[in-house]
Amino acid sequence: MKQDRKLVVVELNEINFYLIKKYTSKGYLPNFKKLMNDYSLRYSKTNEVYSNQEPWINWVTLRTGKNFSKHKVFHLGDFNSDSPEQHYEILSKNGYKVAAICPMNSVSRAHTEVFIPDPWSDNAYKGSSFFIKKIVDVIQQSVRQNVSNTNNIYSYFIMLAAVVYFGNLKSFFRQIKHGIGSFKNKWIKAVMLDELLQDIFLYHFKKNKLNYLSVFLNAGAHIQHHYFFNSIVYDGLNTNPDWYINKQTDPVLYSYESYDKFIGALMQQNKVNKSKVVIATGLSQEPCEKTIFYWKLKVNKFMKSININDFILHPKMSRDFELEFDSITQMNTALLKLRECEIENEKIFNLHARSNRIFCEFVYGKNIDMQTSVVIDDGVIIPNFIQYVEFVAIKNGKHKDEGFVVDNLSYVQKNIPLTQVHDEIIKYFE
């Protein structure tokens, strides 16, 4: 066993390196430019059908080295004790010291020095810091309430205290600037959360006591989905309306510049640590061809209106949620009713039943106003549907089965299956 081996993995969810190259050609993102000059840039694929090109599927593929047909993890929260081993669990069982910060759709079933669960899961935090537990609570609350325009002062206080503890003076003032900007542009809150995770990551990286350390960052993916058309390097014909965002604002560049700062700090510290580095995106995004509206259902209010009661609500990412019932009979009754819900002959839910639970995706993508009604096949009409939803965003970016891997592991293949990233990490430690 080579206990001196060290590897850091940065998971930049759905980031598009073609966009990064366009920005660098305009003089932006100098650290990314140096990274691509010094390291290997490769392309990954899963060759899955489009419905399986989801981050909560692809990241499981990367960490287990198994495609969806083998790991069978389809939804957020599906990863469990029966799922295949992840690379950092294998390393931990082999005696290496590992830490994982917010890995999407993951649980830690082996010993980890630090494990911060992703904001969409109910998994437990592992570690010795009570302070980080408070941070986990704030991150979960902020992410799950991302459609709200309210800004929780307590959350800001905890985040700034965390920045003071884990970061530095530059981090503190940068977060103050972000916080002020977020009162006008709520999408900046996603960057704030990512930068907090970056500070926690760098804090542990500087200690230089871990063999494996990873961090999952999602702000760029979130912002691309909502504001891809506003990128100054987007060359398509779609535009976002003025009421949605100022045409002179480029949130994509804003998030990429945050990552560029982080990459610079990582590479500077690595002159001391001398770790191997893997930066992966899992998949990427490309611009949508048509306008799609994102809506989030006010679940409890709507379910009451159609007489679905006595369930436990489990919020998931974006528009998704899960309903848990006391019995399969109750679940089946609710499932039949939800399947019948339509707006102008279009289904509004994708539904997946399992045991006593229903995983619900709110998929209606057109505009909703006071004249919009939901019709149920038994003749029930729910008028003024706008009162049961919250506007989230206009969809700008869609998933693409092409990821990017930037690393210094000395592998030369330009195109690899996504599963190979797992294999290469394990091989490095053998």
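Computed over heavy atoms, backbone and side chain alike; hydrogens, waters and symmetry mates excluded.
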Contacts of Ile416 that satisfy side chain to side chain contact (heavy atoms under 4.5 Å, CB included) - sequence neighbours left out:
Arg42, Ser44, Val405, Gln413, Gln420, Val421

Return the set of residues passing side chain to side chain contact (heavy atoms under 4.5 Å, CB included) with Thr249 (not counting sequence neighbours), or none when no residue passes.
Trp187, Ile245, Asn246, Pro251

Summary of salt bridge (Lys or Arg N to Asp or Glu O under 4.0 Å) pairs that have at least one residue in residues 47-76, sequence neighbours excluded
Glu11-Arg63

Are more than 12 heavy atoms from other residues, nucleotides or ligands located less than 6.0 Å from atom NZ of Lys93?
no

Taking the six-membered ring for Trp and the full ring for Phe, Tyr or His, determine whether the centres of Phe321 and Phe362 are under 6.0 Å apart.
no

Under the side chain to side chain contact (heavy atoms under 4.5 Å, CB included) test, residues paired with Pro287 that sit two or more places apart
Phe228, Phe229, Tyr234

Has Lys34 got more than 12 heavy atoms of other residues, nucleotides or ligands less than 6.0 Å from its NZ?
no

In terms of ring plane angle, is the pair Tyr165 and Tyr203 parallel, tilted or perpendicular, where the classes change at 30° and 60°?
tilted

Can a donor-acceptor pair be found between the side chains of Ser284 and Tyr18 at a distance below 3.5 Å?
no

So, do His178 and Tyr254 have ring centers that fall under 6.0 Å from each other?
yes

Test salt bridge (charged side-chain N to carboxylate O under 4.0 Å, His left out) applied to Arg357 - qualifying residues, sequence neighbours left out:
Glu322, Glu324

Residues, nucleotides or ligands: over 12 heavy atoms within 6.0 Å of Tyr28 OH
no

Could you tell me which residues satisfy salt bridge (charged side-chain N to carboxylate O under 4.0 Å, His left out) with Lys207, sequence neighbours excluded, listed by chain and number?
none

Atom NZ of Lys261 with >12 non-hydrogen neighbours under 6.0 angstrom:
yes

Under the salt bridge (charged side-chain N to carboxylate O under 4.0 Å, His left out) test, which residues partner Glu14, sequence neighbours left out?
none

If you count the non-hydrogen atoms of other residues, nucleotides and ligands that lie under 6.0 Å from NZ in Lys45, is the total more than 12?
yes

Suppose we screen for ring-ring contact (aromatic ring centres under 6.0 Å, His included). Which residues come up paired with Trp56, at least two apart in sequence or across chains?
none

Should the heavy atoms of other residues, nucleotides or ligands under 6.0 Å from NZ of Lys97 be counted, would the total exceed 12?
no

List the residues meeting ring-ring contact (aromatic ring centres under 6.0 Å, His included) with Tyr256, not counting sequence neighbours, and say none if there are none.
Tyr23

Go through the structure and list residues passing side chain to side chain donor-acceptor pair (under 3.5 Å) with Lys247, not counting sequence neighbours.
Asp242

Of all residues at least two apart in sequence or in a different chain, which pass the salt bridge (charged side-chain N to carboxylate O under 4.0 Å, His left out) check with Glu286?
none

Determine whether Phe385 and Phe302 satisfy the following criterion, ring-ring contact (aromatic ring centres under 6.0 Å, His included), listing intermediate values before the conclusion.
CA-CA 9 Å; Phe385 185 56; Phe302 180 72; 5.6 Å; yes

What distance separates Glu85 CD from Thr64 OG1, expressed to the nearest 0.5 Å?
10.5 Å

Any donor-acceptor pair under 3.5 Å from Trp295 side chain to Asn367 backbone:
no

I'd like to know if the side chain of Asn408 reaches the main chain of Tyr39, judged simply by a donor and an acceptor atom lying under 3.5 Å from each other, with no hydrogens or angles considered.
no

Please report whether the ring centroid of Tyr212 lies less than 6.0 Å from that of Phe429.
no

Side chain to side chain contact (heavy atoms under 4.5 Å, CB included) against Asp326, all qualifying residues, sequence neighbours excluded
Gln330

